[in-house]
2 protein chains.
Amino acid sequence: MRHCHKWGQKFQDYGFRLTVSREAILEVLSNSNTHLSAEDIYLAVHSGNPAIGLTTIYRTLELLEHTGIVSKFEFGHGRAKYELAEEFSNKKHHHHLICKKCRKVIDYEDFITEEKEYITKAEIGLQNKYGFDIDNHIIHFYGICPECKTG
Amino acid sequence: MRHCHKWGQKFQDYGFRLTVSREAILEVLSNSNTHLSAEDIYLAVHSGNPAIGLTTIYRTLELLEHTGIVSKFEFGHGRAKYELAEEFSNKKHHHHLICKKCRKVIDYEDFITEEKEYITKAEIGLQNKYGFDIDNHIIHFYGICPECKTG
DNA sequence: TTGATAATGAAAACCATTTCCAACTATTGA
DNA sequence: TCAATAGTTGGAAATGGTTTTCATTATCAA
Ligand SMILES: [Mn+2]
Ligand SMILES: [Mn+2]
Ligand SMILES: [Zn+2]
Ligand SMILES: [Zn+2]
(Lines give C-alpha, C1' and ligand atoms only; values in the text may rest on other atoms or scores of the structure.)
(Ligands and ions follow the chains in the order given, each with its own letter.)
Protein backbone atom coordinates (compact mmCIF):
# COMPACT_ATOMS: atom_id res chain seq x y z
CA MET A 1 0.00 0.00 0.00
CA ARG A 2 1.63 3.15 -1.23
CA HIS A 3 0.01 5.68 1.06
CA CYS A 4 -1.99 5.17 4.21
CA HIS A 5 -4.65 7.76 3.58
CA LYS A 6 -7.97 7.04 5.21
CA TRP A 7 -9.58 6.46 1.82
CA GLY A 8 -6.91 4.03 0.59
CA GLN A 9 -8.03 1.24 2.89
CA LYS A 10 -11.67 1.62 2.02
CA PHE A 11 -10.96 1.68 -1.68
CA GLN A 12 -8.86 -1.48 -1.51
CA ASP A 13 -11.41 -3.17 0.72
CA TYR A 14 -13.69 -3.07 -2.29
CA GLY A 15 -11.06 -4.99 -4.27
CA PHE A 16 -9.93 -2.04 -6.37
CA ARG A 17 -6.28 -1.28 -6.98
CA LEU A 18 -4.89 1.97 -5.68
CA THR A 19 -3.03 3.08 -8.80
CA VAL A 20 -1.05 6.22 -9.49
CA SER A 21 -3.90 7.75 -11.48
CA ARG A 22 -6.41 7.05 -8.77
CA GLU A 23 -4.21 8.51 -6.07
CA ALA A 24 -3.59 11.60 -8.18
CA ILE A 25 -7.33 12.11 -8.57
CA LEU A 26 -7.92 11.72 -4.86
CA GLU A 27 -5.07 14.11 -4.18
CA VAL A 28 -6.71 16.77 -6.31
CA LEU A 29 -10.05 16.22 -4.61
CA SER A 30 -8.60 16.51 -1.13
CA ASN A 31 -6.61 19.63 -1.93
CA SER A 32 -9.70 21.38 -3.24
CA ASN A 33 -12.34 23.09 -1.19
CA THR A 34 -14.90 23.52 -3.96
CA HIS A 35 -16.93 21.24 -6.17
CA LEU A 36 -14.96 19.99 -9.13
CA SER A 37 -16.19 18.78 -12.49
CA ALA A 38 -14.57 15.80 -14.21
CA GLU A 39 -12.82 18.24 -16.50
CA ASP A 40 -11.59 20.37 -13.59
CA ILE A 41 -10.00 17.26 -12.13
CA TYR A 42 -8.61 16.20 -15.49
CA LEU A 43 -6.87 19.54 -15.94
CA ALA A 44 -5.48 19.56 -12.41
CA VAL A 45 -4.21 15.98 -12.65
CA HIS A 46 -2.79 16.69 -16.06
CA SER A 47 -0.31 19.27 -14.79
CA GLY A 48 1.46 16.60 -12.75
CA ASN A 49 0.87 13.62 -15.00
CA PRO A 50 -0.11 14.42 -18.61
CA ALA A 51 -0.52 10.75 -19.44
CA ILE A 52 -3.74 10.38 -17.48
CA GLY A 53 -6.77 10.54 -19.73
CA LEU A 54 -10.23 11.95 -19.18
CA THR A 55 -11.74 8.48 -19.44
CA THR A 56 -9.82 7.40 -16.38
CA ILE A 57 -11.13 10.41 -14.49
CA TYR A 58 -14.70 9.40 -15.23
CA ARG A 59 -14.08 5.75 -14.43
CA THR A 60 -12.35 6.56 -11.17
CA LEU A 61 -15.03 9.00 -10.08
CA GLU A 62 -17.62 6.32 -10.66
CA LEU A 63 -15.74 3.92 -8.39
CA LEU A 64 -15.16 6.59 -5.78
CA GLU A 65 -18.83 7.45 -5.74
CA HIS A 66 -19.75 3.79 -5.52
CA THR A 67 -17.46 3.25 -2.55
CA GLY A 68 -18.78 6.39 -0.84
CA ILE A 69 -15.46 8.19 -0.92
CA VAL A 70 -16.73 11.06 -3.05
CA SER A 71 -20.16 12.62 -3.43
CA LYS A 72 -21.57 13.45 -6.82
CA PHE A 73 -23.87 16.41 -7.29
CA GLU A 74 -26.08 17.43 -10.17
CA PHE A 75 -26.85 21.09 -9.69
CA GLY A 76 -28.65 21.20 -13.01
CA HIS A 77 -25.94 23.07 -14.83
CA GLY A 78 -25.09 20.42 -17.37
CA ARG A 79 -22.11 18.82 -15.72
CA ALA A 80 -21.77 16.74 -12.57
CA LYS A 81 -19.67 18.05 -9.71
CA TYR A 82 -17.69 16.05 -7.19
CA GLU A 83 -16.34 16.56 -3.70
CA LEU A 84 -14.81 14.32 -1.04
CA ALA A 85 -17.49 12.70 1.08
CA GLU A 86 -18.02 14.06 4.58
CA GLU A 87 -16.25 11.12 6.20
CA PHE A 88 -13.03 11.75 4.26
CA SER A 89 -13.12 15.51 4.06
CA ASN A 90 -12.06 18.21 6.46
CA LYS A 91 -15.36 19.89 5.73
CA LYS A 92 -18.26 19.44 8.07
CA HIS A 93 -21.71 18.28 7.10
CA HIS A 94 -23.10 21.00 4.84
CA HIS A 95 -25.67 21.83 2.22
CA HIS A 96 -25.93 24.07 -0.80
CA LEU A 97 -27.18 27.52 -1.65
CA ILE A 98 -27.43 27.96 -5.40
CA CYS A 99 -27.83 31.16 -7.40
CA LYS A 100 -30.26 30.63 -10.26
CA LYS A 101 -28.67 33.42 -12.25
CA CYS A 102 -24.90 33.03 -12.06
CA ARG A 103 -24.97 29.37 -10.92
CA LYS A 104 -22.67 30.02 -8.00
CA VAL A 105 -22.86 27.31 -5.33
CA ILE A 106 -22.23 28.16 -1.69
CA ASP A 107 -21.55 25.52 0.95
CA TYR A 108 -23.18 26.37 4.24
CA GLU A 109 -22.93 24.64 7.57
CA ASP A 110 -25.52 26.69 9.39
CA PHE A 111 -28.63 25.33 11.11
CA ILE A 112 -27.21 21.81 11.08
CA THR A 113 -28.42 21.09 14.59
CA GLU A 114 -31.99 21.98 13.68
CA GLU A 115 -31.61 20.13 10.40
CA LYS A 116 -30.37 16.95 12.04
CA GLU A 117 -33.38 16.92 14.29
CA TYR A 118 -35.77 17.17 11.36
CA ILE A 119 -33.83 14.84 9.09
CA THR A 120 -33.54 12.13 11.71
CA LYS A 121 -37.26 12.21 12.40
CA ALA A 122 -38.13 12.19 8.68
CA GLU A 123 -35.67 9.40 7.87
CA ILE A 124 -37.02 7.11 10.56
CA GLY A 125 -40.60 7.86 9.59
CA LEU A 126 -39.99 7.34 5.89
CA GLN A 127 -38.07 4.13 6.47
CA ASN A 128 -41.03 2.80 8.43
CA LYS A 129 -43.72 3.99 6.06
CA TYR A 130 -42.10 3.23 2.70
CA GLY A 131 -39.66 0.48 3.65
CA PHE A 132 -36.65 2.29 2.24
CA ASP A 133 -33.17 1.96 3.70
CA ILE A 134 -32.18 5.62 3.60
CA ASP A 135 -28.51 6.45 3.77
CA ASN A 136 -28.22 9.89 2.28
CA HIS A 137 -30.03 13.15 1.77
CA ILE A 138 -29.65 16.35 -0.18
CA ILE A 139 -30.93 19.82 0.64
CA HIS A 140 -30.61 22.60 -1.88
CA PHE A 141 -31.83 26.16 -1.52
CA TYR A 142 -32.31 28.11 -4.74
CA GLY A 143 -32.38 31.87 -5.08
CA ILE A 144 -30.58 34.95 -6.31
CA CYS A 145 -27.22 35.88 -4.85
CA PRO A 146 -26.47 39.45 -3.70
CA GLU A 147 -24.13 40.14 -6.64
CA CYS A 148 -26.82 39.15 -9.15
CA LYS A 149 -29.43 41.26 -7.39
CA THR A 150 -27.47 44.49 -7.66
CA GLY A 151 -25.62 43.71 -10.88
CA MET B 1 -58.35 33.28 -24.42
CA ARG B 2 -59.16 29.70 -25.33
CA HIS B 3 -59.38 28.12 -21.89
CA CYS B 4 -59.50 29.72 -18.47
CA HIS B 5 -57.15 27.32 -16.72
CA LYS B 6 -55.34 28.79 -13.78
CA TRP B 7 -52.05 28.59 -15.62
CA GLY B 8 -53.33 30.24 -18.81
CA GLN B 9 -53.51 33.68 -17.27
CA LYS B 10 -50.05 33.48 -15.74
CA PHE B 11 -48.52 32.28 -18.96
CA GLN B 12 -50.08 35.09 -20.98
CA ASP B 13 -49.14 37.62 -18.34
CA TYR B 14 -45.56 36.89 -19.29
CA GLY B 15 -46.41 37.85 -22.87
CA PHE B 16 -46.35 34.32 -24.26
CA ARG B 17 -49.06 33.04 -26.56
CA LEU B 18 -51.17 30.16 -25.39
CA THR B 19 -50.97 28.00 -28.49
CA VAL B 20 -52.47 24.60 -29.21
CA SER B 21 -49.11 22.89 -28.66
CA ARG B 22 -48.58 24.60 -25.36
CA GLU B 23 -52.02 23.76 -24.11
CA ALA B 24 -51.56 20.15 -25.17
CA ILE B 25 -48.34 19.97 -23.17
CA LEU B 26 -49.98 21.47 -20.10
CA GLU B 27 -52.88 19.08 -20.51
CA VAL B 28 -50.54 16.11 -20.39
CA LEU B 29 -48.77 17.49 -17.35
CA SER B 30 -51.98 18.06 -15.42
CA ASN B 31 -53.37 14.65 -16.26
CA SER B 32 -50.26 12.94 -14.96
CA ASN B 33 -49.44 12.23 -11.37
CA THR B 34 -45.81 11.27 -11.88
CA HIS B 35 -42.68 13.02 -13.09
CA LEU B 36 -42.48 13.12 -16.86
CA SER B 37 -39.44 13.46 -19.09
CA ALA B 38 -39.54 15.60 -22.22
CA GLU B 39 -39.83 12.43 -24.24
CA ASP B 40 -42.69 11.12 -22.09
CA ILE B 41 -44.56 14.32 -22.81
CA TYR B 42 -43.67 14.19 -26.48
CA LEU B 43 -45.11 10.70 -26.83
CA ALA B 44 -48.27 11.55 -24.92
CA VAL B 45 -48.87 14.73 -26.90
CA HIS B 46 -48.12 12.92 -30.11
CA SER B 47 -51.06 10.55 -29.78
CA GLY B 48 -53.47 13.48 -30.03
CA ASN B 49 -51.46 15.73 -32.29
CA PRO B 50 -48.64 14.05 -34.25
CA ALA B 51 -47.55 17.36 -35.74
CA ILE B 52 -46.00 18.62 -32.51
CA GLY B 53 -42.26 18.17 -32.46
CA LEU B 54 -39.86 17.35 -29.66
CA THR B 55 -38.18 20.73 -30.02
CA THR B 56 -41.42 22.45 -29.12
CA ILE B 57 -41.71 20.28 -26.03
CA TYR B 58 -38.30 21.40 -24.85
CA ARG B 59 -38.97 25.03 -25.69
CA THR B 60 -42.32 25.04 -23.95
CA LEU B 61 -40.97 23.32 -20.86
CA GLU B 62 -38.30 25.99 -20.61
CA LEU B 63 -40.95 28.72 -20.68
CA LEU B 64 -43.13 26.87 -18.21
CA GLU B 65 -40.25 26.48 -15.83
CA HIS B 66 -39.32 30.11 -16.23
CA THR B 67 -42.85 31.25 -15.42
CA GLY B 68 -43.01 28.92 -12.43
CA ILE B 69 -45.82 26.80 -13.84
CA VAL B 70 -43.80 23.60 -13.88
CA SER B 71 -40.92 22.37 -11.75
CA LYS B 72 -37.89 20.73 -13.27
CA PHE B 73 -35.99 18.01 -11.43
CA GLU B 74 -32.65 16.41 -12.05
CA PHE B 75 -32.62 13.15 -10.16
CA GLY B 76 -29.25 12.26 -11.61
CA HIS B 77 -30.57 9.69 -14.05
CA GLY B 78 -29.53 11.41 -17.24
CA ARG B 79 -32.76 13.12 -18.18
CA ALA B 80 -34.71 15.95 -16.57
CA LYS B 81 -38.18 15.30 -15.20
CA TYR B 82 -41.04 17.74 -14.99
CA GLU B 83 -44.20 18.14 -12.94
CA LEU B 84 -46.78 20.87 -12.45
CA ALA B 85 -45.69 23.32 -9.78
CA GLU B 86 -47.36 23.10 -6.41
CA GLU B 87 -49.50 26.18 -7.07
CA PHE B 88 -51.06 24.65 -10.19
CA SER B 89 -51.16 21.03 -9.16
CA ASN B 90 -53.65 19.08 -7.09
CA LYS B 91 -50.66 17.64 -5.26
CA LYS B 92 -49.58 19.09 -1.95
CA HIS B 93 -46.09 20.27 -1.09
CA HIS B 94 -43.95 17.18 -1.21
CA HIS B 95 -40.43 15.85 -1.52
CA HIS B 96 -38.71 12.85 -3.01
CA LEU B 97 -37.52 9.46 -1.92
CA ILE B 98 -35.21 7.95 -4.53
CA CYS B 99 -34.06 4.35 -4.90
CA LYS B 100 -30.41 4.25 -5.87
CA LYS B 101 -30.84 0.84 -7.47
CA CYS B 102 -34.00 0.92 -9.59
CA ARG B 103 -34.23 4.73 -9.73
CA LYS B 104 -37.84 4.76 -8.61
CA VAL B 105 -38.94 8.14 -7.26
CA ILE B 106 -41.61 8.34 -4.55
CA ASP B 107 -43.40 11.56 -3.72
CA TYR B 108 -44.02 11.89 0.00
CA GLU B 109 -45.95 14.50 1.91
CA ASP B 110 -45.06 13.35 5.39
CA PHE B 111 -43.36 15.47 8.06
CA ILE B 112 -44.17 18.65 6.16
CA THR B 113 -45.08 20.51 9.33
CA GLU B 114 -41.74 19.75 10.91
CA GLU B 115 -40.03 20.49 7.62
CA LYS B 116 -41.66 23.87 7.24
CA GLU B 117 -40.46 24.85 10.68
CA TYR B 118 -36.87 23.98 9.87
CA ILE B 119 -36.95 25.34 6.33
CA THR B 120 -38.40 28.66 7.37
CA LYS B 121 -35.76 29.14 10.03
CA ALA B 122 -32.95 28.14 7.67
CA GLU B 123 -34.22 30.32 4.83
CA ILE B 124 -34.42 33.42 6.97
CA GLY B 125 -31.02 32.76 8.49
CA LEU B 126 -29.37 32.08 5.14
CA GLN B 127 -30.94 35.13 3.54
CA ASN B 128 -29.52 37.26 6.34
CA LYS B 129 -26.08 35.66 6.39
CA TYR B 130 -25.44 35.23 2.67
CA GLY B 131 -27.72 37.91 1.21
CA PHE B 132 -29.56 35.48 -1.07
CA ASP B 133 -33.20 35.92 -2.01
CA ILE B 134 -34.30 32.32 -1.55
CA ASP B 135 -37.49 31.23 -3.27
CA ASN B 136 -37.22 27.49 -3.55
CA HIS B 137 -35.76 24.41 -1.94
CA ILE B 138 -35.28 20.76 -2.72
CA ILE B 139 -35.02 17.82 -0.33
CA HIS B 140 -34.12 14.39 -1.64
CA PHE B 141 -33.65 11.23 0.39
CA TYR B 142 -31.62 8.47 -1.22
CA GLY B 143 -31.70 4.81 -0.33
CA ILE B 144 -32.77 1.34 -1.37
CA CYS B 145 -36.44 0.55 -1.87
CA PRO B 146 -38.04 -2.58 -0.35
CA GLU B 147 -38.33 -4.33 -3.74
CA CYS B 148 -34.63 -3.87 -4.44
CA LYS B 149 -33.69 -5.10 -0.97
CA THR B 150 -35.41 -8.45 -1.37
CA GLY B 151 -35.00 -8.80 -5.13
C1' DT C 1 8.98 -15.28 -14.01
C1' DT C 2 4.58 -16.22 -15.47
C1' DG C 3 -0.08 -16.13 -16.16
C1' DA C 4 -4.50 -14.22 -14.87
C1' DT C 5 -6.88 -10.20 -14.13
C1' DA C 6 -7.53 -5.32 -13.66
C1' DA C 7 -6.70 -0.76 -15.41
C1' DT C 8 -5.68 2.42 -19.06
C1' DG C 9 -5.84 6.00 -23.18
C1' DA C 10 -7.58 7.23 -27.52
C1' DA C 11 -11.12 7.22 -30.52
C1' DA C 12 -15.70 6.42 -31.42
C1' DA C 13 -20.32 6.12 -29.96
C1' DC C 14 -24.06 7.77 -27.25
C1' DC C 15 -27.88 10.59 -26.25
C1' DA C 16 -30.40 14.35 -23.96
C1' DT C 17 -30.69 18.89 -25.07
C1' DT C 18 -29.82 23.18 -27.96
C1' DT C 19 -29.21 25.73 -31.95
C1' DC C 20 -30.26 27.01 -36.72
C1' DC C 21 -33.14 28.21 -40.18
C1' DA C 22 -36.80 28.63 -43.25
C1' DA C 23 -41.75 28.25 -43.01
C1' DC C 24 -45.79 29.35 -40.61
C1' DT C 25 -49.18 31.86 -37.49
C1' DA C 26 -51.14 35.23 -34.66
C1' DT C 27 -51.53 40.16 -33.68
C1' DT C 28 -51.47 44.91 -34.77
C1' DG C 29 -52.47 49.08 -37.03
C1' DA C 30 -53.36 51.40 -41.16
C1' DT D 1 -59.24 44.11 -45.49
C1' DC D 2 -54.58 43.88 -45.72
C1' DA D 3 -49.95 44.26 -45.12
C1' DA D 4 -46.22 44.57 -41.69
C1' DT D 5 -44.39 42.93 -37.56
C1' DA D 6 -43.29 39.81 -34.07
C1' DG D 7 -43.86 35.28 -32.05
C1' DT D 8 -43.96 30.27 -32.85
C1' DT D 9 -42.94 26.01 -35.09
C1' DG D 10 -40.71 21.37 -36.94
C1' DG D 11 -36.86 19.13 -38.77
C1' DA D 12 -32.18 18.70 -39.29
C1' DA D 13 -27.87 19.53 -37.57
C1' DA D 14 -24.85 20.69 -33.92
C1' DT D 15 -23.44 20.44 -29.17
C1' DG D 16 -21.18 18.64 -25.25
C1' DG D 17 -20.85 15.84 -21.21
C1' DT D 18 -20.46 11.09 -20.48
C1' DT D 19 -19.96 6.12 -21.78
C1' DT D 20 -18.40 2.32 -24.61
C1' DT D 21 -15.10 -0.19 -27.30
C1' DC D 22 -10.87 -2.20 -27.98
C1' DA D 23 -6.15 -3.01 -28.14
C1' DT D 24 -2.35 -2.23 -24.94
C1' DT D 25 -0.23 -1.96 -20.49
C1' DA D 26 0.21 -2.29 -15.46
C1' DT D 27 -0.58 -4.93 -11.26
C1' DC D 28 -0.62 -8.79 -8.32
C1' DA D 29 -0.48 -13.58 -6.72
C1' DA D 30 1.52 -18.00 -7.34
MN1 LIG E 1 -20.55 21.13 -1.15
MN1 LIG F 1 -42.65 15.00 -7.21
ZN1 LIG G 1 -25.62 34.94 -8.69
ZN1 LIG H 1 -35.48 0.15 -6.00
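First the proteins, then the strands, lettered A, B, ... as listed; each starts at 1.
For B:Lys101, there are no side chain to side chain donor-acceptor pair (under 3.5 Å) partners two or more places apart in sequence or in a different chain.
In this structure, B:Phe75 atom CZ and C:dA16 atom C1' are separated by 17 Å, rounded to whole Å. For the pair B:Leu61 CG and D:dT9 P, the interatomic distance rounds to 12 Å; values are reported in whole Å. B:His77 has its NE2 atom 19 Å from the C1' atom of C:dC14, to the nearest Å. When rounded to the nearest whole Å, the span between CD1 of B:Ile41 and P of C:dA16 equals 14 Å. Nucleotide D:dG7 holds its C1' atom 18 Å from the OH atom of B:Tyr14, rounded to whole Å. The nearest whole Å value for the distance from the CG atom in B:Leu63 to the P atom in D:dT8 is 7 Å. Between the P atom of D:dT8 and the CD1 atom of B:Ile25 lies a distance of 13 Å, rounded to the nearest Å.
With salt bridges taken as basic N to acidic carboxylate O contacts below 4.0 Å, one links A:Lys104 and A:Glu147. Salt bridge A:Glu87/A:Lys10: present, at least one basic N to carboxylate O contact under 4.0 Å. Salt bridge annotation for A:Lys92-A:Glu86: absent, with no cationic side-chain nitrogen under 4.0 angstrom from a carboxylate oxygen.
Consecutive Watson-Crick or G-U pairing (both distances under 3.5 Å) extending over three or more pairs maps onto DNA chain C as C:1-30 with D:1-30.
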Please test A:His93 against A:His137 for ring-ring contact (aromatic ring centres under 6.0 Å, His included), starting from the C-alpha separation and ending with a verdict. CA-CA 11 Å; A:His93 182 68; A:His137 66 269; 5.3 Å; yes

Run the side-chain contact (heavy atoms from CB on, under 4.5 Å) test on A:Lys121 and B:Phe111 for me, step by step, so that the C-alpha distance in whole Å, both residues' side-chain angles and the decisive distance to 0.1 Å come before the verdict. CA-CA 8 Å; A:Lys121 185 181 284 185; B:Phe111 308 102; 4.3 Å; yes

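With hydrogens and angles left out, the side-chain atoms of B:Glu83 and B:His94 include a donor and acceptor closer than 3.5 Å.
The aromatic rings of B:His140 and B:Phe73 sit tilted, their planes meeting at an angle between 30° and 60°.
The base of D:dT27 lies close enough to the side chain of A:Arg17 for a donor and an acceptor atom to sit less than 3.5 Å apart.
Nearer to the 5' terminus of DNA chain D, by closest-nucleotide assignment, is the contact made by B:Phe16 (compared with the other of B:Phe16 and B:Tyr42).
Candidate nucleotides C:dT8, D:dA26, D:dT8 were compared by shortest atom distance to the side chain of A:Ser21, and C:dT8 ranks first.
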Give each protein N/O atom lying under 3.5 Å from an N/O atom of nucleotides 16-20 of chain D, with the pair distance.
unit_1 : atom_1 : unit_2  : atom_2 : d
D:dG17 : OP1    : A:Arg79 : NH2    : 2.4
D:dT18 : OP1    : A:Ala80 : N      : 2.8
D:dT18 : OP2    : A:Tyr58 : OH     : 2.4
D:dT18 : O5'    : A:Tyr58 : OH     : 3.3

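Taken together through direct or relayed side-chain contacts under 4.5 Å among Ile, Leu, Val, Met, Phe, Trp and Tyr, A:Ile139 and A:Phe75 form parts of separate hydrophobic clusters.
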